Amino acid sequence: MAKKTQKVGLLAHMTFDKEARDDGQISPAIEGGRIRYFFALFSKHNGDLLLPSLLFLISAIPLFGSFIFFRLYGPERLLYAMLKITKIPYLMTNVGIGISAGADVVSLKADMLMVYQLLFVAIGIGVFFMSIGLSGMLRLSAKFIWKDSFITKRDTYGNHVPRTVVEFFEGVKKCFPQMLVWGAIAMIFVAGVGNAIVYFVQKLWSQTVGGGDYVLLILACIIGVFSSIFLLYLAPFIVMYDMPFFAKVKNSAILTIQMFVPNIFILAVVAIPLIIVAISGGFINVIFVALLIVFGASFYSLLTTNYVQYYAEKIINPIYSAQVSKKRKKKKK
């Protein structure tokens, strides 16, 4: 046991504290593996999380609304509206004999990227508002993963059913101030990284790209990966612990760096459905959007909370328990 709880590298600088469980207990180790445990929880409690997911969608309206509006209206029509172009430009340049020159295609393509810059800003703002509902969903997911005590009601068969809607609002009430800070950080990263990539594409299309632009692109990609993983840790930490916010930021940053390889795997699992929605069209796009609307909130909240709880089980809880035992022994002496 001593080997398992030994602090290594950056992990030695983490803050160790008890979980914010209502029953005051420490979560026991999970048998059978975390992946199997996640699918068992998702299958068992997906119905319980249905109403909270609908409440979550209210906070996600700006995010989904921005994306849906962009897909339905189209970047070209949005560009013409922004530039107040009422007549569609003629793009058939240098085709045939005697045909007058048309509009500059490269210039119009570069201008169209302004629409994508605004889209990333809108997505960032949407994520900020979404963080309010996320605080309730993550708190619920943590309680299910911990098997913590719930506010319950009796059904017609006399069974105690968790009042998930009440627990959802309890999570929002308790955690939303810090989750708004998370949302502000996410907004800055989404808008900043997204616009940096769009800026590079704009320079590339206009054939004015230089060495500094490539450096900016590489930095934007690195920041995008690390910030995504950091935010993936920080959101569950906010609802799972009552430690100071700075300690949660520090723990999230340490696990982002220390557990980089498994983090890339979980980031891929999180990102793949979103990438499919972003680049697909037609029937496939409709199917994935519908799945995300119905199951996305419960899937992602359980997935990320379960992932963070894995490291709580392997690192934070054993060391915290060892620290508490050590303090008790000192008091007895």
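We count residues from 1, following the sequence as given. Owing to the predicted nature of the structure, the values given are computational and were not obtained by experimental measurement.
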Is the side chain of Lys203 donor-acceptor paired with the backbone N or O of Asp213 at a distance under 3.5 Å, no angle test? no

Please evaluate residues Ser298 and Asn46 with respect to the criterion side-chain hydrogen bond (donor to acceptor under 3.5 Å, both in side chains), reporting the C-alpha separation (whole Å), side-chain torsions for both, the decisive distance (0.1 Å), and the verdict. CA-CA 7 Å; Ser298 56; Asn46 187 56; 3.1 Å; yes

Give the C-alpha distance, both sets of side-chain angles, the deciding distance and a yes or no for side chain to side chain contact (heavy atoms under 4.5 Å, CB included) between Phe189 and Ile223. CA-CA 8 Å; Phe189 280 133; Ile223 292 172; 3.9 Å; yes

Between Phe70 and Val115, the two heavy atoms sitting closest are CE1-CG1, 3.5 Å

Go through Ser141 and Ser301 one step at a time and tell me if the side-chain hydrogen bond (donor to acceptor under 3.5 Å, both in side chains) criterion holds. CA-CA 6 Å; Ser141 297; Ser301 58; 2.9 Å; yes

Measure from NZ or CZ of Lys143 to the centre of the six-membered ring of Phe150 and say whether it is under 6.0 Å with the direction within 45° of the ring axis. yes

Tested for ring pair (Phe, Tyr, Trp, His ring centres under 6.0 Å) against Phe299, the lone hit among Phe56, Phe39, Phe38 is Phe38

Keeping Glu313 on the side-chain end and Ile30 on the backbone end, is there a donor-acceptor pair under 3.5 Å? yes

Over 60° means perpendicular and under 30° means parallel, so classify the ring planes of Phe42 and Phe295, tilted if in between. perpendicular

Nearest-0.5 Å distance, CG of residue Asp22 to OG of residue Ser149: 5.0 Å

Exam field: side chain Asn306 to backbone Leu302, donor-acceptor pair closer than 3.5 Å: no

One pair to check against side chain to side chain contact (heavy atoms under 4.5 Å, CB included): Tyr307 and Asn263. What are the steps and the verdict? CA-CA 9 Å; Tyr307 183 66; Asn263 290 342; 2.6 Å; yes

Is it true that a side-chain atom of Tyr37 and a backbone atom of Ile145 form a donor plus acceptor pair closer than 3.5 Å? yes

Taking Trp182 for its side chain and Ser131 for its backbone only, find out whether a donor-acceptor pair lies under 3.5 Å. no

Closer than 4.0 angstrom, basic N to acidic O: yes or no for Lys174 and Asp242? yes

